[in-house]
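Working notes, structure below.
First listed ligand is number 1; within each ligand, the first listed atom is number 1.
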Amino acid sequence: MIVFPPFFSGVNLSIFNMAKKIQSALQIQKGVEQPDNLNPRMHQLLGRHKKNILPVNDYVSGILQGDRVLLSQAITLIESAKPEHLQIAQQIIERCLPYSNKSIRIGITGTPGVGKSTFIEAFGQYVIAQQRKVAVLAIDPSSKISGGSILGDKTRMQYLTRSEKAFIRPSAAGEELGGVARKTRETIILCEAAGYDTIIIETVGVGQSETAVHSMCDFFLLLLLPGAGDELQGIKRGIVEMADLIAVNKADEDREMLARQAKAAYQNALQLFPPKENGWIPQALTCSALSKKGIDDIWEAILQFKKVTSENGYFEKHRKMQSQFWMQESISEGLNKLFYENPEVKLAIEKADEAIERASMTPFKAAEQILDLFLKTQKK
Ligand code: GDP
């Protein structure tokens with residue numbers, strides 16, 4: 001983003017005043033002549049503004065060299081609503097694709113307050129000490145304003161915020177989970193091309209976003225609190241089932257005992273689920289993100305997971321399946337857009353709604369007719 005010098009807004013104001021004067025009928029007297037341009041640097045500044053977008057090559061070579069500023073700017077293009085930005089973003093992603101894939105993608109979920117940010121700070125620090133580079137991304141479809149509600153508070157990630165080996169990006173703003181998730185997935189590609197070999201994708205443990213995160217990570221970690229059942233923590237059964245590892249956080253001070261009991265209960269519960277296709281037996285562990293205890297065990301479990309699933313071929317197979325899933329998602333998204341934004345279809349749906357209300361047509365017949373109409377508009 002270009003930061004304009006303070007006088008720039010003054011220029012805008014003066015242009016506005018000037019325009020007002022020219023339009024005004026009272027401007028009849030020949031007064032002091034207006035200068036050609038209020039600020040000789042204005043063209044230069046505007047020129048710089050236009051040049052804000054660099055050639056694709058610059059982004060790609062910057063990203064491949066690990067330049068975080070260019071990486072950030074490229075992600076901003078991915079998140080943009082402007083078609084011309086998205087077009088450039090697609091070219092950057094395509095060029096970065098061959099350099100991605102060399103990473104472990106870890107999804108982390110848990111209800112607000114469970115300690116996700118604190119955990120990511122401790123975990124990230126530990127992983128960086130293992131000579132790795134960490135990118136922290138988030139999926140939070142509830143955040144309509146850029147910045148997101150999760151990861152917005154970086155005070156709990158002070159080490160990672162300062163570290164050169166970490167890259168933190170809050171959730172893309174947007175109302176639709178599908179769009180936010182797609183952008184995050186594309187962001188993962190760029191981060192990997194920039195050399196981040198450990199990708200953490202955070203989401204809050206309520207709603208649909210877990211499924212979206214699950215569809216883009218290799219390993220799914222669920223953080224829970226000691227001493228409360230998962231129903232009490234607002235965690236749905238399906239989410240527990242998705243987990244490759246459950247970590248009972250805040251196992252410190254007087255909660256250590258409670259955390260150990262919770263861990264044993266979860267370990268038992270996990271064994272009741274049918275075996276997973278990936279050949280991995282989900283585990284339960286305890287940790288304290290605050291006092292950085294148990295982080296090493298969690299990292300060891302992740303390495304072990306990667307070893308097991310790489311050896312049995314699931315790791316690669318799963319990533320391919322995820323890519324196919326994302327292709328299908330993109331097709332559905334594109335088709336939906338094409339269909340519902342078609343003016344003839346819009347009109348036909350309105351009419352069909354009325355017909356269904358009057359019970360003069362069945363919904364199935366109406367759908368069939370509208371689909372036929374859509375196909376005809378495509379042949380034109
Ligand atoms: P998030 O909403 O899941 O990201 O949770 P935060 O990381 O913001 O943590 C919520 C609160 O729990 C903060 O006050 C943290 O200091 C505290 N917290 C996080 N992890 C631990 C832990 O391991 N032990 C203790 N005692 N407190 C923790």
Side-chain angles (χ1 to χ4, degrees), residues 106-129 134-143 145 147-163 166-172 180 184 198-210 212-214 217 219-236 239-240 242-243 245-263 266 283-302:
I106 305 161
I108 295 185
T109 193
T111 39
V114 70
K116 291 181 297 298
S117 310
T118 317
F119 177 84
I120 291 170
E121 165 83 349
F123 182 78
Q125 199 169 348
Y126 183 85
V127 168
I128 286 172
V134 181
V136 186
L137 315 172
I139 289 196
D140 180 12
S142 66
S143 75
I145 310 154
S149 62
I150 49 175
L151 284 185
D153 177 10
K154 287 189 192 165
T155 51
R156 292 201 221 292
M157 294 195 198
Q158 279 183 1
Y159 173 85
L160 291 185
T161 309
R162 284 195 310 264
S163 171
F167 178 79
I168 303 179
R169 182 82 182 192
S171 180
V180 173
T184 307
T198 311
I199 312 285
I200 296 174
I201 311 136
E202 181 199 2
T203 191
V204 279
V206 281
Q208 290 295 306
S209 50
E210 288 69 33
V213 171
H214 193 242
C217 67
F219 186 90
F220 199 59
L221 169 63
L222 171 62
L223 289 185
L224 290 173
L225 290 172
D230 33 295
E231 306 82 21
L232 285 179
Q233 298 184 41
I235 301 288
K236 296 197 182 78
I239 295 173
V240 176
M242 268 185 222
L245 177 71
I246 288 178
V248 182
N249 189 34
K250 306 200 184 181
D252 48 42
E253 295 166 13
D254 50 354
R255 276 171 301 211
E256 243 176 286
M257 185 66 171
L258 218 52
R260 273 207 296 273
Q261 286 169 355
K263 170 198 142 164
Y266 281 116
Q283 299 180 8
L285 292 171
T286 60
C287 70
S288 166
L290 202 61
S291 51
K292 300 185 169 61
K293 274 195 291 188
I295 306 294
D296 48 352
D297 290 341
I298 294 175
W299 178 239
E300 279 311 312
I302 294 173

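Note: no N/O pair closer than 3.5 Å links A251 and ligand 1 by distance alone. Backbone and side-chain nitrogen or oxygen atoms of D252 are examined, and one is located within less than 3.5 angstrom of a nitrogen or oxygen of ligand 1. Considering backbone and side-chain N/O of F119, none are found under 3.5 Å from N/O of ligand 1. For ligand 1, none of its N or O atoms has an N or O atom of C287 under 3.5 Å away.
Counting the atoms of ligand 1 from 1 in the order shown, those under 4.0 Å from a heavy atom of K116 are 1 (P), 3 (O), 4 (O), 5 (O), 7 (O). Near P112, with a cut-off below 4.0 Å to any heavy atom, the atoms of ligand 1 are 2 (O). Applying the 4.0 Å criterion to heavy atoms of R255 picks out, from ligand 1, the atoms 25 (C), 26 (N). Which parts of ligand 1 touch V114 is read off a 4.0 Å heavy-atom cut-off, strictly below it: atoms 3 (O). Each of the atoms 23 (O) of ligand 1 lies under 4.0 Å from some heavy atom of S288.
Using a 4.0 Å cut-off between heavy atoms, N249 contacts ligand 1 through its side chain alone, with no backbone atom that close.
Of the candidates K250, E253, E202, K293, it is K250 that places a heavy atom closest to atom 17 (C) of ligand 1.
From T203, atom OG1 reaches atom CD1 of I201 across 10.0 Å, with rounding to the nearest 0.5 Å. Note: E210 CD to C217 SG = 11.0 Å, rounded to the nearest 0.5 Å. L223 contributes atom CG, which lies 9.0 Å from atom OG1 of T111 (distance to the nearest 0.5 angstrom). Note that OG1 of T286 is 12.5 Å distant from CG of L224, once rounded to the nearest 0.5 Å.
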Quiz: residues 291-299 side-chain donor-acceptor pairs under 3.5 angstrom, not counting sequence neighbours:
from	atom 1	to	atom 2	distance (Å)
S291	OG	S288	OG	2.6

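Residue pairs meeting the side chain to side chain donor-acceptor pair (under 3.5 Å) criterion with at least one member in residues 118-129, sequence neighbours excluded, do not occur.
When all heavy atoms of I139 and S209 are compared, the pair lying nearest together is CG2-CB, 4.0 Å.
Side-chain contact check for L222 versus Y266: every heavy-atom pair is 4.5 Å or farther apart.
Look at G110 and you'll find every heavy atom at least 4.0 Å from all atoms of ligand 1.
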